[in-house]
Amino acid sequence: MIVKGARVLDGSANAMMKGKGTEDDRPWQSYHTVYTTAKAGMELVDKEKVQRVVYEMSKGSKYFQNEERKEAFIKQKIDNLRIQCANLTQEDLAHYQKVADRRIVELEASRDLSRIWLHVDMDAFYAAVETLSNPTLKGKPMAVGSMSMLSTANYEARKFGVRAAMPGFIARKLCPELIFVPTDFKKYTYYSDLTRKVFGRYDPNFIAGSLDEAYLDITEVCRERNVKSEEIAQELRAGVYEETGLTCSAGVAPNRLLAKVCSDINKPNGQYVLPNDRMAVMTFVSSLPIRKIGGIGKVTEHILKGVFGINTCEQMLEKSSYICAFFSQSTADFFCSVGLGLGQTDSPQVRFRKSISSERTFSATKDEVLLHKKLEELAEMLSADMQKEGLSGRTLTLKLKTASFEVRTRAVTLQKYISSSEDILKHAKKLLQAELPISVRLIDYESSHLCLICASITNIFILLGLRVSQFNGDKCSAKSDPTQKTITNFITSGDVNRNCSSFPDVADHDFVSNAETDMSIDSRQTGQLDWRDPFDGNYLSDVDYQSCTVQKSDGVEEVQTSSNDATSSHYSGLTEVLGSTSYLGQVEGINVKNGSNLLEDERLDSCCQEKTMLWLNDYKCSLCGIELPPSFVEERLEHSDFHLAEKLQKEESSIHQKSVPSQSKGQKDGVTRQSKSKKQKLSQKEGSYTPIDYFFVKK
DNA sequence: GCGGATCAC
DNA sequence: TATGGTGATCCGC
């Protein structure tokens with residue numbers, strides 16, 4: 001079980017090398033979509049071709065750029081982790097190996113092989129239902145969804161690489177004869193109810209994950225009728241087919257996590273039984289790719305593979321010392337339990353929903369009137385949904401997505417519980433207002449230096465969303481919350497809603513959150529690593545890279561930069577200020593009347609003590625003479641932004657010359673550029689710095 | 001308590 | 001032309 005650091009690095013180095021030499025010739029290979037992930041019915045797909053088509057259809061788009069940006073962050077995370085990995089001493093490794101071994105023994109002790117779980121999953125459910133109601137679709141490639149997004153595709157379509165979560169216009173490129181059918185949830189709910197009647201025969205307390213899948217504890221049925229689980233699965237699937245005319249697949253295993261994996265093995269219209277035997281489980285898990293495990297998605301897979309060379313569940317155990325060294329206890333426990341083939345086996349209790357939300361995507365706009373109208377509609381939809389369920393809550397969260405696919409959330413927690421559309425809208429408006437174009441923010445009055453410039457220029461949005469949480473009647477104390485699980489509970493018990501169709505079952509990968517543990521203390525004693533904070537090193541660059549985005553063609557999205565006097569102590573103060581600044585947007589901003597730009601401008605003036613731009617005769621810019629009538633409100637705002645930014649740029653560069661001597665290298669592109677932000681560790685002696693000029697040079 | 005990220009369906 | 005909506009959880013402030 002002892003692993004040499006060098007081996008890990010070699011493994012990941014090899015993994016990195018694979019795609020590299022061909023990247024220039026075949027750029028699509030470096031675009032990691034989720035679409036090519038192996039799915040049932042797609043074994044024979046020409047993955048290279050699909051990858052190429054997806055790439056060709058996507059490249060250059062805002063969506064694509066955002067994906068590239070995200071991938072760059074992950075890559076950097078991986079690089080950072082690999083470096084930290086290499087810096088682990090033999091003593092560190094020996095220590096973490098001990099920690100890991102102890103934990104694995106504890107987890108093993110919690111193994112429960114007494115229950116038999118069955119996971120049933122309808123085959124291409126929506127597509128199958130549509131084919132039932134329109135048999136002419138049979139045998140033809142078909143997908144349910146729109147040109148923007150597909151919910152599912154039938155098996156004929158999957159042969160072309162078409163699959164759920166793929167945009168329709170790409171699917172059509174892959175399969176020109178693809179038939180599109182719009183979603184019809186009433187129909188799916190009707191058939192879902194029929195399947196659930198069948199499920200109820202085998203476990204009246206079955207757990208409905210979504211419309212098309214469920215977990216059943218068939219321990220009692222097997223015992224009472226003295227039949228094998230395999231027969232129950234056969235019978236259940238036959239029953240479903242009889243009642244609905246739809247096929248499904250089933251997986252049987254000692255716990256829910258494995259049952260879910262098993263139901264995928266012989267899809268469609270098949271089943272797989274994993275016996276309640278430890279050896280059988282360990283063998284099964286040994287070669288199982290980690291991505292098959294619920295809770296391990298694209299990013300986690302990428303990181304585990306790239307940093308530690310982990311591909312299979314078995315390797316989770318082989319690399320357990322590294323896992324314990326770099327991940328939080330709850331995460332490490334989850335990963336190790338995956339390596340042991342452990343999962344939840346309990347009969348969960350009822351769980352209540354914790355939030356309710358409504359969101360809509362629309363064509364890009366920065367029109368405040370339009371945005372407010374959308375917000376109003378959302379508030380009404382949300383309020384209606386809440387009243388249907390008799391809910392009221394005190395935390396309201398606004399979600400925004402910019403035209404560059406950057407997602408932001410802004411929340412406020414109120415004194416009283418709200419549920420009416422008027423109340424929701426009132427507070428939502430304040431949250432939104434604080435996000436609408438604010439010309440310039442200038443921070444750090446204490447320092448004589450101009451410390452931070454945060455110029456937020458025109459924002460273009462493509463999505464608004466509202467969410468209410470902290471419901472009236474919720475237990476708010478985390479300590480007394482019975483749903484808070486210890487790790488032992490995590491493995492041996494659980495609390496998933498039963499028969500509650502509106503909730504996905506996410507309990508299989510619930511993590512535990514224990515603030516203080518043996519492990520955390522141990523790791524601190526080593527003084528080498530913060531085991532709870534593996535990714536922190538680049539979280540920063542994440543933030544900074546985003547803020548470095550400048551889009552000239554569609555208007556500038558957002559510009560942020562910072563300068564400093566290059567002492568870490570000062571950074572501390574600066575980051576504090578920055579933190580409170582973004583907070584300002586939601587707290588102070590709410591209390592500020594419309595036209596909070598005034599406030600910002602006043603600050604700027606008091607700080608810079610320079611002349612402010614005026615509209616001469618309410619018509620002409622006093623600084624450059626450009627003519628803009630008063631009715632051009634937005635254009636005027638943008639124009640004043642421009643002058644403010646220009647002014648700050650001058651100020652900035654003069655300060656920069658005086659007090660910021662050092663520059664970081666490697667600023668060829670946005671990915672490698674770094675500057676300080678509130679989430680960065682302050683331990684680094686020297687911070688990178690991006691001159692504000694960068695943002696304003698003409699391209 | 002807030003905000004970003006990840007994940008599942 | 002064009003890449004969703006709902007809900008949950010975790011982590012680090």
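Proteins come first, then strands; the chains are lettered A, B, ... in the order of their sequence lines, and each starts at number 1.
Residue A:S363 is out of contact with every strand shown, counting any heavy-atom pair closer than 4.0 Å. If you check every strand for non-hydrogen atoms under 4.0 Å, A:S358 touches sugar and phosphate atoms only. Within 4.0 Å (heavy atoms only), A:R360 reaches sugar-phosphate atoms of the nucleic acid but no base atom. Across all strands shown, A:S151 has no heavy atoms under 4.0 Å from either base or sugar-phosphate atoms. No contact: A:L466 has no heavy atom under 4.0 Å from any strand.
Of the listed nucleotides (C:dT3, B:dC2, C:dA8), C:dA8 has the atom at the smallest distance from the side chain of A:K354. Of the candidates B:dT6, B:dG4, B:dC2, B:dG4 carries the atom nearest the A:T409 side chain, counting heavy atoms from C-beta on. Distances from the side chain of A:P167 to the nucleotides B:dC7, C:dT3, C:dG4 place C:dT3 closest. Of the candidates C:dT3, B:dC7, C:dT6, the closest approach to any side-chain atom of A:V299 belongs to B:dC7. Checked against C:dT6, B:dG4, C:dG7, the side chain of A:I356 finds its nearest nucleotide in C:dG7. Listed nucleotides: C:dG4, C:dC11, B:dG1. Nearest to the side chain of A:K401: C:dG4. The side chain of A:R408 lies closest to B:dG4 when the candidates are C:dT3, B:dG4, B:dC2. Among the nucleotides B:dC9, B:dG1, C:dT3, the one closest to the side chain of A:E213 is B:dC9. Comparing atom distances between the A:R394 side chain and each of C:dA2, B:dG1, B:dA8 picks out B:dG1 as nearest.
No side-chain donor-acceptor contact under 3.5 Å links A:R163 to the backbone of A:T152.
Contacts of A:S263 classified as side chain to side chain contact (heavy atoms under 4.5 Å, CB included), with partners at least two apart in sequence or in another chain: A:H119, A:D121.
Whole-Å rounding puts the A:R256 CZ to B:dC9 C1' distance at 17 Å. Remark: P of C:dA2 and CG of A:L178 are 20 Å apart, rounded to the nearest angstrom. If you take CZ of A:R69 and P of B:dG4, they are 11 Å apart, rounded to a whole angstrom. Rounded to whole Å, atom C1' of C:dT3 lies 17 Å from atom NZ of A:K173. In this structure, A:K70 places its NZ atom 12 Å from C1' of B:dG4, rounding to the nearest Å. Atom-to-atom, CZ of A:F362 to P of C:dG4 comes out at 12 Å; the value is rounded to the nearest Å. If you take CG of A:L463 and C1' of C:dG4, they are 9 Å apart, rounded to a whole angstrom. Look at NZ on A:K260: it is 9 Å from P on B:dA8, rounded to the nearest Å.
Between C:dC11 and A:T331, a contact under 4.0 Å exists linking OP1 or OP2 to a side-chain N or O. Between A:S148 and the phosphate of C:dT3, there is no side-chain N or O to OP1/OP2 separation shorter than 4.0 Å. Within the structure, a side-chain polar atom (N or O) of A:S330 is placed less than 4.0 Å from OP1 or OP2 of C:dC11. Contact between the side-chain N/O atoms of A:T361 and the OP1/OP2 oxygens of C:dT3 is not found at any separation under 4.0 Å. Distances shorter than 4.0 Å separate none of the side-chain N or O atoms of A:T413 from OP1 or OP2 on B:dG1. Contact check, A:R351 against C:dT9: a side-chain N or O comes under 4.0 Å of OP1 or OP2. An OP1 or OP2 oxygen of B:dT6 is reached within less than 4.0 angstrom by no side-chain nitrogen or oxygen of A:K298.
With salt bridges taken as basic N to acidic carboxylate O contacts below 4.0 Å, one links A:E130 and A:K187. In this structure, A:K354 does not pair ionically with A:D474, as no charged nitrogen and carboxylate oxygen lie closer than 4.0 Å.
Ranked by how close their nearest DNA chain C nucleotide is to the 5' end, A:M147 and A:E359 are led by A:M147. DNA chain C is contacted by both A:R172 and A:S355; A:R172 maps to the nucleotide lying nearer its 5′ end (nearest heavy atom per residue).
A 6.0 Å sphere centred on NZ of A:K298 holds more than 12 heavy atoms belonging to other residues, nucleotides or ligands. The number of heavy-atom neighbours closer than 6.0 Å to CZ of A:F362, taken from other residues, nucleotides and ligands shown, is above 12.
Ring pair A:F471/A:Y417: centre-to-centre distance not below 6.0 Å.
With P as the reference atom, B:dA8 and C:dT3 are 23 Å apart, rounded to whole Å.
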